[in-house]
Amino acid sequence: MLITSDTYSRFLQIVLSHIQGERLLHSIGVVVVGLELAEQWDVEFEKVYIAGLLHDCGRYIPPEQLRRQVASYGEEIPAEDREFPQLWH
């Protein structure tokens, strides 16, 4: 997978529009650690970058909206996870 600098910039803009402060620092830290692990395990850096950077973008979506989105895919949140909406993203 080859990602252009425009695509990297677009992902970064998405993140910056959804998260700030400590959560942003956390996501950047996930990218850094992920890239170190990617090198060790021979995983594509681009995939790790995208996953690490975007992994918390859904964290602030209201639980009912997340539930509806999951349902729109014909799925439901497992019973054991329903009392932990902060993990659904």
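As a basis for the values below, the full set of heavy atoms in this structure was taken, side chains included, without hydrogen atoms, waters or symmetry mates.
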Exercise. Just jot down the ring pair (Phe, Tyr, Trp, His ring centres under 6.0 Å) partners of His89, sequence neighbours excluded, or say none.
Key: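 Partners of His89 by the ring pair (Phe, Tyr, Trp, His ring centres under 6.0 Å) criterion come out as none, since no residue qualifies.
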Would you call [X] and [Y] a side-chain contact if the rule is heavy atoms closer than 4.5 Å?
X: Val43; Y: Leu37; answer: no
X: Leu54; Y: Ile14; answer: yes
X: His55; Y: His26; answer: yes

Quiz item: Distance from Tyr60 atom OH to Gln65 atom CD, nearest 0.5 Å?
Solution: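 Interatomic distance, Tyr60 OH to Gln65 CD, rounded to 0.5 Å: 15.5 Å.
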Exercise. Would you give the length of the straight line joining atom CG of Leu12 to atom CD1 of Ile28, rounded to the nearest 0.5 angstrom?
Key: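 CD1 of Ile28 is found 7.5 Å from CG of Leu12.
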Practice problem: Check whether Leu87 and Tyr73 end up in the same hydrophobic cluster, where Ile, Leu, Val, Met, Phe, Trp and Tyr are linked by side-chain heavy atoms less than 4.5 Å apart. | Solution: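 Looking at the clustering, Tyr73 is in a separate group from Leu87.
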Quiz item: Do Val15 and Phe45 share a hydrophobic cluster, counting only Ile, Leu, Val, Met, Phe, Trp and Tyr and linking them when any side-chain heavy atoms are less than 4.5 Å apart?
Solution: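 Val15 and Phe45: one cluster.
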Quiz prompt | side chain to side chain contact (heavy atoms under 4.5 Å, CB included) against Val31, all qualifying residues, sequence neighbours excluded | solution =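 Applying side chain to side chain contact (heavy atoms under 4.5 Å, CB included) to Val31 gives Leu35, Tyr49, Leu53.
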Self-check item: For the student: nearest non-hydrogen atoms of Val30 and Gly52, plus distance
Solution: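 Scanning both residues, the minimum pair turns out to be CG1-CA, 3.7 Å.
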Practice problem: Could you list all the salt bridge (Lys or Arg N to Asp or Glu O under 4.0 Å) pairs where at least one residue sits in residues 64-77, not counting sequence neighbours? | Solution: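 Checked against salt bridge (Lys or Arg N to Asp or Glu O under 4.0 Å) - neighbours excluded - the pairs reaching residues 64-77 are Glu64-Arg67, Glu76-Arg82.
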Quiz prompt | Inter- and intrachain pairs under salt bridge (Lys or Arg N to Asp or Glu O under 4.0 Å), touching residues 14-38, at least two apart | solution =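 Residue pairs with at least one partner in residues 14-38: Arg23-Asp56.
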Exercise. Any chance you could pull the hydrophobic cluster mates of Ile77, using side-chain heavy atoms under 4.5 angstrom and chaining through other members?
Key: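 Besides Ile77, the hydrophobic cluster comprises Ile61, Leu66, Val70, Trp88, listed by chain and residue number.
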Quiz item: Under the side chain to side chain donor-acceptor pair (under 3.5 Å) rule, what pairs show up with a residue in residues 6-18, not counting sequence neighbours?
Solution: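 Only Thr4-Thr7 qualify under side chain to side chain donor-acceptor pair (under 3.5 Å).
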